[in-house]
Amino acid sequence: MPGKSDVLQGTLDLIVLKTLDVMGPLHGYGLARRIEHVAEQALALNQGTLYPALVRLEQRGWIKSAWGVSTSGRRARFYNLTKAGRRQLQAETESWRKTSTIMAKFLEVDEA
Amino acid sequence: MTPLRLLLAKLRALVRRGRDDAELAEELAAHIDLLADDLVREGLSPQEARRQARLRLGGTTQVAEAARDQRGIPWLEHLARDVRLAVRSLRRSPLFAVTAILSLAVGVAANTVGFAYLYGYLIRPLPFTDGSRLVTVLTTAPSRGMDRWGVTLQELGDIQSRTRSFDAIAARSVASVDLTGSDEPRRLMASVVSPDLHRQLGIRPLLGRVFDAGDGRGSAGPVVFLSEKLWRASFGADERIAGRSVTLNRRPYTVVGVLPANEGFSDHADLWLAVGPDEVAQPQDQRCRCTGTSCPPT
């Protein structure tokens, strides 16, 4: 798929945490749709890769899940951010900002 | 988030794997349903919508596999699977299994024995001071056809006074002595040694002291030290044994100390006497075994 970036290892966790923070509880498909919507086709998300990420985040205690019913009336598993997850989101956002600032500086030097 | 908590979560996942797998399957089915519904709304036929949905998810089996690896401890599960497979295939051909297991057992045993001997004889350092410099000193007498002969006390004195090859040199031999004075006389095996042997080897007594260079020269009277075994068996492990007198070959000897059982040099002796001109228990054999500490290479 030309023009689309693969999801960088490690960024998917941050994307999921941020999406849950903004949107509140979501099921896996809802998450995938929301991420694709925000990325505006710039991201090649293999929707299946969300599920290992969700397992990872839940085992670390950053999200928790419960079975519920979707708006269309189907049974689905909903994920929600925990307190620890919110703290983790803050920490990761901070570290990501630092990294991107540093990278931006280097890339500017290269262009000048 | 602690690593311990993560480990617990993973162990829990190993136990409730069946339920987690079922829940994930249901979750993925819901995902495909919801995605397909949306695709139908966009105008696809129901069959095409489901096909597309499966494609977009990336294969239910692959996703379930990846999630399972994430959930548990993959190498442990793979190992368990390999072991089960191995056990099953071995059971199918018992003759091969027995042959393989026996060959392994023999191989492992041979290696263990081989290493144990090599270690004992070649690798493990001697538990003595300058163990790597210890040598056995022998004399030869070609005219009598003897190429490995012991050393007489006379020769030992000559070597001691004139050697440039040894830092220290000491002899030992054995003699029998009679212990009397307690309940019942006993015949004991004595190790008759150069007074400085134990200091040369750095062997420490359990209590009291080992011989000094002066012992055996007569001035302080004859002295003896005991093996731990004899001390326990005949002297009731008396802590104040040092300084007491015992009767050996009807002569009084002062006990100076006790040597620990695992001292590693002469395991069979019951007691030690200092070789010297006044010693009544002269070596049985005129020739002694002689141990030297060679000078360090310069």
Side-chain angles (χ1 to χ4, degrees), chain A residues 1 4 6-7 9 12-13 16-17 26-37 41 43-79 82-92, chain B residues 1-17 19-42 46 49-74 76-77:
Chain A
M1 258 182 255
K4 283 198 180 185
D6 283 332
V7 180
Q9 183 70 40
L12 185 58
D13 288 7
V16 169
L17 290 177
L26 281 176
H27 48 65
Y29 175 57
L31 253 173
R33 212 171 45 183
R34 173 69 191 173
I35 292 170
E36 283 175 344
H37 176 74
Q41 311 291 321
L43 201 62
L45 178 69
N46 183 342
Q47 296 191 357
T49 57
L50 269 181
Y51 288 94
L54 288 169
V55 168
R56 185 164 60 234
L57 295 174
E58 187 166 18
Q59 282 191 335
R60 280 164 173 73
W62 295 335
I63 59 174
K64 58 179 194 292
S65 67
W67 287 90
V69 178
S70 76
T71 44
S72 56
R74 287 188 193 275
R75 207 169 112 80
R77 193 176 193 172
F78 284 79
Y79 294 89
T82 63
K83 263 189 192 160
R86 198 153 284 127
R87 278 199 300 275
Q88 176 67 14
L89 173 60
Q90 275 170 4
E92 285 218 23
Chain B
M1 219 296 297
T2 61
L4 183 65
R5 179 178 168 167
L6 183 61
L7 181 67
L8 286 178
K10 285 186 178 272
L11 289 178
R12 198 166 141 263
L14 285 182
V15 177
R16 40 169 288 158
R17 193 168 52 175
R19 237 167 80 199
D20 283 345
D21 282 351
E23 287 202 345
L24 183 68
E26 193 182 345
E27 199 177 354
L28 295 179
H31 188 116
I32 289 172
D33 284 349
L34 289 163
L35 178 50
D37 286 353
D38 278 357
L39 292 176
V40 167
R41 234 167 277 135
E42 283 170 22
R50 291 196 73 77
R51 204 184 68 82
Q52 284 286 336
R54 276 200 207 91
L55 221 57
R56 295 261 288 271
L57 185 67
T60 347
T61 324
Q62 286 94 316
V63 174
E65 187 75 26
R68 192 179 302 133
D69 281 355
Q70 184 64 54
R71 204 194 299 134
I73 307 172
L76 189 62
E77 286 160 59

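Here the structure is a predicted model, which means the values were calculated and not measured. Each chain gets a letter, A, B and so on, in the order its sequence line appears, and its residues count up from 1.
Neither the backbone nor the side chain of A/R87 has a heavy atom closer than 4.5 Å to any heavy atom of chain B. If you measure heavy-atom distances from B/A13 to chain A, the contacts under 4.5 Å come from the side chain alone. With a 4.5 angstrom heavy-atom cutoff, A/R74 touches chain B only via side-chain atoms. A/A53 does not touch chain B: none of its heavy atoms, backbone or side chain, sits under 4.5 Å away.
Here the side chains of A/R56 and A/W62 are not in contact, with every heavy-atom distance at 4.5 Å or above. With a 4.5 Å cut-off on side-chain heavy atoms, B/V15 and B/R12 do not count as touching. Using a 4.5 Å heavy-atom cutoff, the side chains of A/L31 and A/L54 are in contact. Counting heavy atoms from C-beta outward, A/Q88 and A/L57 have side chains that stay 4.5 Å or more apart.
No other option in B/D38, B/L28, B/D20 has as many heavy-atom pairs under 4.5 Å with chain A as B/D38. Per-residue counts of heavy-atom pairs under 4.5 Å with chain A were compared for B/R68, B/Q62, B/K10, B/E23; the largest is that of B/E23. The residue among B/R56, B/Q70, B/R71 with the most heavy atom pairs within less than 4.5 Å of chain A is B/Q70.
Looking at A/E58, its side chain does come within 3.5 Å of a backbone N or O of A/S65 through a donor-acceptor pair. The backbone N or O of B/A22 sits nowhere less than 3.5 Å from a side-chain atom of B/E26 that would complete a donor-acceptor pair.
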